[in-house]
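Everything on this sheet refers to the single structure shown next.
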Amino acid sequence: MASMNFSSSKQFVRPPQRGIFPLDHFAECKAEKEMYLQCLKESSQQHNKCREFSKRYLECRMEKELMAKENLEDLGYSEDAKVINAKEYDKSKEKQGYVAGKHIDKSTMKWWWDK
């Protein structure tokens, strides 16, 4: 018979930093979620343009006790964290055939230890 060797010390499990929150089974915040997803769709998935909708969704979840109440500034909704005039990279160079690193002339390039 094989013997099992179990450790006599206790194992301590740490919960996730923000904890686990229940799913919205009763669709209590469905309207806020749908407005946020619609905003994302209309803004080409640029979340910074839908900041107010995501904030309303989180506020709804907190009000309905679907997540722990927290200060929204700690979740990235402070005025300092606000994204202003963000530009999306249009990949125009890549569309013209640019490949990073291909422009480097390797015959003249030397490593610092080769000098």
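The shortest non-hydrogen separation linking Met62 to Ala68 is CG-O, 3.7 Å. Taking all atoms of both residues into account, the shortest heavy-atom contact from Ser43 to Lys49 is CB-CD, 3.9 Å. Minimum heavy-atom separation, Asp24 to Glu28: OD1-N, 2.8 Å. Taking all atoms of both residues into account, the shortest heavy-atom contact from Gly76 to Arg51 is O-NH1, 3.3 Å. Summarising the geometry of Met67 relative to Leu58, their closest heavy-atom pair is SD-CD2, 3.8 Å, with the distance given to 0.1 Å. Glu32 and Arg56 make their closest contact through CG-O, 4.1 Å (heavy atoms, listed as atom of the first residue, atom of the second, distance).
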- [ ] Apply side-chain contact (heavy atoms from CB on, under 4.5 Å) to the pair Gln38 and Glu34, showing each step before the final yes or no.
- [x] CA-CA 6 Å; Gln38 183 63 33; Glu34 294 298 326; over 6 Å; no
- [ ] Check the pair Asn71 / Tyr77 against side-chain contact (heavy atoms from CB on, under 4.5 Å), numbers first and verdict last.
- [x] CA-CA 9 Å; Asn71 186 352; Tyr77 290 95; over 6 Å; no
Open item on the list: side-chain contact (heavy atoms from CB on, under 4.5 Å), that's the test. Do Cys29 and Lys64 meet it? Break it down for me.
Closed with: CA-CA 8 Å; Cys29 296; Lys64 308 287 185 184; 3.9 Å; yes
Task: Derivation of the side-chain contact (heavy atoms from CB on, under 4.5 Å) call for His47 and Tyr36 - done: CA-CA 9 Å; His47 64 87; Tyr36 175 61; 4.1 Å; yes
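Atom CD of Glu59 and atom CG of Leu72 lie 5.0 Å apart (nearest 0.5 Å). Once rounded to the nearest 0.5 Å, the distance linking SG of Cys60 with NZ of Lys55 reads 14.5 Å. Rounding to the nearest 0.5 Å places NZ of Lys95 at 6.0 Å from CG of Asp90. One finds the CZ atom of Arg61 at 7.5 Å from the CG atom of Leu23 (value rounded to the nearest 0.5 Å). One distance of note links CD of Glu52 with CE of Met35; it measures 11.0 Å at 0.5 Å rounding.
Heavy-atom neighbours of Glu65 CD from other residues, nucleotides or ligands within 6.0 Å: at or below the threshold of 12.
For the 3.5 Å distance criterion, the side chains of Ser92 and Tyr98 fail to qualify, holding no donor opposite an acceptor.
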